[in-house]
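Below is one structure, written out as structure tokens; the observations come after it.
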Protein chains: 2
Amino acid sequence: MRKGEQTRTLILNEAVALASQVGLEGLSIGSLAERLAMSKSGLFAHFGSKEDLQLLTLKQAQTLFFEEVLSPALKHARGLPRLRALFSNWLAWVKRNDDLPGGCLMLAACVEYDDRPGAVRDLLVAGQRELRGALAKAIRIAIDEGHLKPRTDPWQLTFELFGIVLATHHDFRLLGDARALERAGDALERLIEAHRAAAPSA
Amino acid sequence: MRKGEQTRTLILNEAVALASQVGLEGLSIGSLAERLAMSKSGLFAHFGSKEDLQLLTLKQAQTLFFEEVLSPALKHARGLPRLRALFSNWLAWVKRNDDLPGGCLMLAACVEYDDRPGAVRDLLVAGQRELRGALAKAIRIAIDEGHLKPRTDPWQLTFELFGIVLATHHDFRLLGDARALERAGDALERLIEAHRAAAPSA
DNA sequence: CACACAATAGTACGAACGTTCGTTAACTGC
DNA sequence: GCAGTTAACGAACGTTCGTACTATTGTGTG
């Protein structure tokens, strides 16, 4: 029972890395088994079907994202510091290259499954909603703390922040433009400045 | 010589539609032939290889984009009007559903090929560079016309505009959120306002 | 140490993949 | 209206896909 779980997570981590390059749909059991130097059938036995493998791979990526982006941001002070930490962690996640050689798996899956109904898409949408909710909540807190104007629309700001991250991913991954990271930082600061509360600041 | 060209473009248009749903990599000759009610071999004869089909499909989509987004925007007055037209055409392109049921093929391909070297990626990157250049040029003109501040960085603004479109595509396609379109409009106006030149306006 | 069972390997399957071939049907230019 | 060209077809290639079985190895426990 122990060995099984162990190799299963080993498989899933490799699956996340491979899927980040070829997509969740392009992920094949054969090639995954080859990369892990194990038999196709042996690997397949861990998952009842390919869709199961895809779901668990996506969930693994989501967990990883939560642990590396959202969770550590919560350790920062409420308001703008936390929002900035979240954004900066997110950019670091986008540019990491060690175990996500093909960029963010979730962002890739978003485009892959935007009109491919099924369990994978449902899980993906749920994750995106959660992330957007967390972002909006961080913004709302920043408003309550008096860092941002009360008239700031959290969802509008969330939308625009998300756009900056998407553009960064695009420029960094496809065009190989490292300046995208500073552009993202500039865009964030300009956005914050536009919504910053008048009297006290942070 | 005439009939051939005719069915070839017929094939390519259908290929653009299909690839917008399943991606350029997921595009298979068999399923494409089935949708066109013709034989796999008959279809294949029009293209020497699958990569050729992918390249021509992408090029077809790029041409379509140019004709529907970039080209009509040039008919508007230089400066902000043209920039606004470009943006609005672009949003219309993103939300169109008749012959691009799966969203923008180029945006999907950007994620699919961001680390998959080859001719397809090269063509894609070239197209993206051209688009970004056109956007930056429109912004520069708006600066020269006195609509935007002289200190505005065209490339930074291009980056942020692109991010808004990406976020719109994401929210509209994956989350099915129609409000994304107004959010995009609001974001654009706020962005313009932040960079608008002081004295004369448009 | 041995037994029980979990974990992996092996083999085989039907289907779909991209591609090649030879042949037939349809068009085009004189 | 015939000759020559081009477009489309059906069949088959070898490979890979996901999945189903059976057999063998390995591990943990009494």
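Note on naming: letters A, B, ... go to the chains in the order of the sequence lines (proteins, then strands), and numbering restarts at 1 for each one.
Distance CZ (A:Arg8) to C1' (C:dT8): 16 Å, rounded to an integer number of Å. Computed from coordinates, the A:Met38 CE to D:dT24 C1' distance equals 15 Å when rounded to whole Å. D:dA8 atom C1' lies 14 Å from atom CG of B:Leu10, rounded to whole Å. Protein atom NZ of A:Lys40 is 12 Å distant from nucleotide atom C1' of D:dA20, rounded to whole Å. Separating the CD1 atom of B:Ile11 from the C1' atom of D:dC9 is a distance of 13 Å, rounded to the nearest angstrom.
Between A:Asp115 and A:Arg121 there is no salt bridge, since no side-chain nitrogen of the basic residue lies less than 4.0 Å from a carboxylate oxygen of the acidic one. Here A:Arg179 does not pair with A:Glu182 in a salt bridge; the nearest charged N to carboxylate O distance is not below 4.0 Å.
Residue A:Thr7 places at least one side-chain N or O under 4.0 Å from the OP1 or OP2 atom of C:dT8.
Ring centroid separation for the pair A:Trp155 and A:Phe162 does not come in under the 6.0 Å cut-off.
Residues from residues 24-35 of chain B placing a heavy atom under 4.0 Å of any atom in DNA chain C, listed by number, are B:Leu27, B:Ser28, B:Ile29, B:Gly30. A heavy atom lying under 4.0 Å from DNA chain D marks the following residues of residues 42-63 of chain B, by number: B:Gly42, B:His46.
Residue B:Ser41 places its side chain closer to D:dC9 than to any other of C:dA9, D:dC9, D:dG18.
With sequence neighbours left out, the ring pair (Phe, Tyr, Trp, His ring centres under 6.0 Å) criterion links B:Phe44 to no other residue.
Side-chain atoms of A:Asn89 and A:Glu68 form no donor-acceptor pair, as typed in the model, at a separation below 3.5 Å.
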Salt bridge (Lys or Arg N to Asp or Glu O under 4.0 Å) between B:Arg183 and A:Glu160, intermediate numbers included: CA-CA 9 Å; B:Arg183 287 207 194 288; A:Glu160 299 187 25; over 6 Å; no
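Just one of B:Leu27, B:Thr57, B:Leu100 meets the side-chain contact (heavy atoms from CB on, under 4.5 Å) condition when paired with B:Ser20; it is B:Leu100.
Remark: A:Arg116 is positioned above the aromatic ring of A:Tyr113, its terminal NZ or CZ atom under 6.0 angstrom from the ring centre and at most 45 degrees off the axis.
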